[in-house]
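Structure record follows, encoded as structure tokens.
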Amino acid sequence: MIIAYFCGLMDSITHIVTGAVIGELLLGKKVGKTAMLWGAIAASAPDIDVINNFFVNDVDAVVLHRGITHSVFTALLFGPVFGWLLWKFHKKKEATIVGWTLLVTVNLLFHLFLDTCTVYGTGLLNPFTTYKFGLDNIFVADPVFTLPFIIAFIALLILHRGNGTRRTWALSTLAIGATYLIFTFVNHHKAERAIQTAIQKQGINSEGTIVSPTLLNNILWNLMAKDSTGYWLGYYSIFDGDKIPELYFVPQNEKLLVNVVDDADLKKLKQFAQGYYSVNEKDGKLWFNIMRFGQINGWDNRDANFAFAFDLTPGSDNSIVVQAGRIEGSKSAVLRSMWERLKGLE
């Protein structure tokens, strides 16, 4: 459970510090550290949809997150609106309305881009479609990406407004971040190539694949290939080199949903899963698993629970999301085994 909360915190911190650095780069010379403040706020603004958590059940909260507030159209609409408001509020300062509009809009769009890089997906074209786009190249909380921005954020808070190195801090940090993102796309390509090789070797009739990083890193990757009856799962470390990963089968078990076919939450979950889900019975309960998020420690235990698993047992209160896989992920033994697998196959 600790890991789950840490990931959520790291996600928020990432948006805050990247927004502050971008704000400094765009308007720091003109309005000082105020640019960092408004950059951080603008970069965090799309996540205002977490307010839904207080008014809807957990299933609706999961489905609605990264929806309309994460739309490109919303960003392009509200960027100029809030840019104008900031210009009016800070009218005595040197920045123009164009400068303030850029600060808000760029940070909103960069938030959307970072979220789209994760497997959760982002409703970029909402409200015209509820489809969530995902590039799957980075984990929702990646310390290697975030740490340079945290360091730059602290440095920019300390350095005086007139210090000539402030712009260098901002530019170099963004360059480091961009370089690391390129690294993640390269790793994604390697993982995709690995699963395609495994599919051919095992003679799997694949209808689609998803590869995504495992917990808090970009070295060990979840592999998943879908066929007509279920999913083939496996793992690939960048240090595996040319070794072909072994894929194991998990049935979809659609037949287990016969007693909950009319359940409103189930329909929403299927939509959120975007076709990638499985069902299993365990510990006397019926679990609906969002396959895109994988198993937290499947490299160590093929029967491990899935990261996003929902209790749909008939008669139970299935408004409660039970993320059993995330709970397992907080165990130190799991993290140690992940480290060993991350180092590559012998």
Side-chain angles (χ1 to χ4, degrees), residues 8-51 65-90 93-118 120-126 133 135 137-138 140-142 145-157 161 166-181:
L9 178 62
M10 279 293 294
D11 182 40
S12 299
I13 290 175
T14 298
H15 290 306
I16 290 171
V17 294
T18 55
V21 171
I22 292 173
E24 168 64 29
L25 182 64
L26 293 177
L27 286 185
K29 187 175 289 188
K30 294 184 177 181
V31 302
K33 296 178 183 179
T34 301
M36 292 178 61
L37 171 64
W38 287 115
I41 292 174
S44 304
D47 283 338
I48 195 173
D49 60 3
V50 299
I51 293 176
H65 184 46
R66 296 193 185 179
I68 189 64
T69 63
H70 287 65
S71 168
V72 171
F73 304 109
T74 300
L76 294 179
L77 173 63
F78 284 97
V81 170
F82 285 101
W84 178 81
L85 288 173
L86 288 176
W87 174 69
K88 293 288 287 184
F89 184 73
H90 295 284
K93 298 195 175 180
E94 298 178 24
T96 64
I97 186 172
V98 173
W100 284 113
T101 297
L102 276 175
L103 182 144
V104 177
T105 306
V106 169
N107 273 299
L108 289 175
L109 291 174
F110 193 69
H111 180 121
L112 270 54
F113 168 70
L114 286 182
D115 281 359
T116 303
C117 286
T118 70
Y120 195 102
T122 305
L124 296 177
L125 301 183
N126 201 289
F133 297 85
L135 298 173
N137 61 292
I138 195 167
V140 67
D142 190 321
F145 175 79
T146 304
L147 185 58
F149 285 94
I150 293 177
I151 295 172
F153 176 78
I154 295 172
L156 291 170
L157 285 179
R161 173 179 175 177
R166 293 182 63 86
R167 186 172 180 83
T168 301
W169 271 98
L171 277 172
S172 59
T173 303
L174 285 168
I176 292 171
T179 301
Y180 183 71
L181 286 176

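From a predicted model like this one, the values you see are computed outputs, not experimental measurements. Scope of the values below: all heavy atoms of this structure, side chains included, with no hydrogens, waters or symmetry mates.
Taking 4.5 Å as the limit, some side-chain heavy atom of Y180 sits within range of a side-chain heavy atom of D142. No side-chain heavy atom of V140 sits under 4.5 Å from any side-chain heavy atom of Y120. Considering only heavy atoms from C-beta on, F113 comes within 4.5 Å of L181 through its side chain. Residues F149 and L174 meet the side-chain proximity criterion, which asks for heavy atoms closer than 4.5 Å. Put simply, the side chain of F153 does not reach to within 4.5 Å of the side chain of T173, judged on heavy atoms. Looking at heavy atoms from C-beta onward, L156 lies out of side-chain contact with K33 at the 4.5 angstrom threshold. The shortest distance between side-chain heavy atoms of L125 and F73 falls below 4.5 Å. Looking at L27 and T34, their side chains never come closer than 4.5 Å, going by heavy atoms from C-beta outward.
Residue P80 comes nearest to A75 through the heavy atom pair CD-O, 4.3 Å, listed as atom of the first residue, atom of the second, then distance. Of all non-hydrogen atoms in A170 and E24, the two that sit nearest each other are CB-CG, 4.2 Å. The two atoms that bring I176 and P148 nearest to each other are CG2-CG, 4.0 Å, heavy atoms only. Taking both residues in full, the closest heavy atoms of A35 and G23 are given as CB-O, 3.2 Å, listed atom of the first, atom of the second, then distance. Taking each heavy atom of L112 and V72 in turn, the nearest pair found is CD2-N, 3.7 Å. In plain terms, the two heavy atoms of A152 and W169 that are nearest each other are CA-CE3, 3.9 Å.
Atom OG1 of T101 and atom CZ of F78 lie 14.0 Å apart (nearest 0.5 Å). Atom CG in L109 sits 9.5 Å away from atom CG in L124 (nearest 0.5 Å). I68 contributes atom CD1, which lies 4.5 Å from atom CG of N126 (distance to the nearest 0.5 angstrom). Here CD1 of I16 is found 10.0 Å from CD1 of I150. Values are rounded to the nearest 0.5 Å. Taking CD1 of I41 as the start and CE of M36 as the end, the distance is 12.0 Å to the nearest 0.5 Å. With values rounded to the nearest 0.5 angstrom, L102 atom CG is found 11.5 Å from I22 atom CD1.
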Using the rule given for side chain to side chain contact (heavy atoms under 4.5 Å, CB included), can you reason through V17 versus I154, listing the C-alpha separation, both sets of side-chain angles and the distance that settles it, and then say yes or no? CA-CA 9 Å; V17 294; I154 295 172; over 6 Å; no
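Residue pairs meeting the side-chain hydrogen bond (donor to acceptor under 3.5 Å, both in side chains) criterion with at least one partner in residues 68-90, sequence neighbours excluded, are W38-H90, D47-H70, D49-T69, H70-H111, H70-D115. Applying the side-chain hydrogen bond (donor to acceptor under 3.5 Å, both in side chains) test to pairs two or more places apart or on separate chains, those with a residue in residues 145-155 are T14-T146.
Panel note: side chain T18, backbone H15; a donor-acceptor pair is recorded below 3.5 Å. Proximity of a side-chain donor or acceptor of R161 to a complementary backbone N or O of K30 within less than 3.5 Å is detected.
Residue L108 forms a side chain to side chain contact (heavy atoms under 4.5 Å, CB included) with just one option from V104, T105, V106, and that option is V104.
For L157, the CG atom counts as densely surrounded, since its 6.0 Å shell holds more than 12 non-hydrogen atoms of other residues, nucleotides or ligands. Counting non-hydrogen atoms of other residues, nucleotides and ligands closer than 6.0 Å to NZ of K29 gives a total of 12 or fewer. Enclosure of atom CZ in F133 by more than 12 non-hydrogen atoms of other residues, nucleotides or ligands within 6.0 angstrom is indicated.
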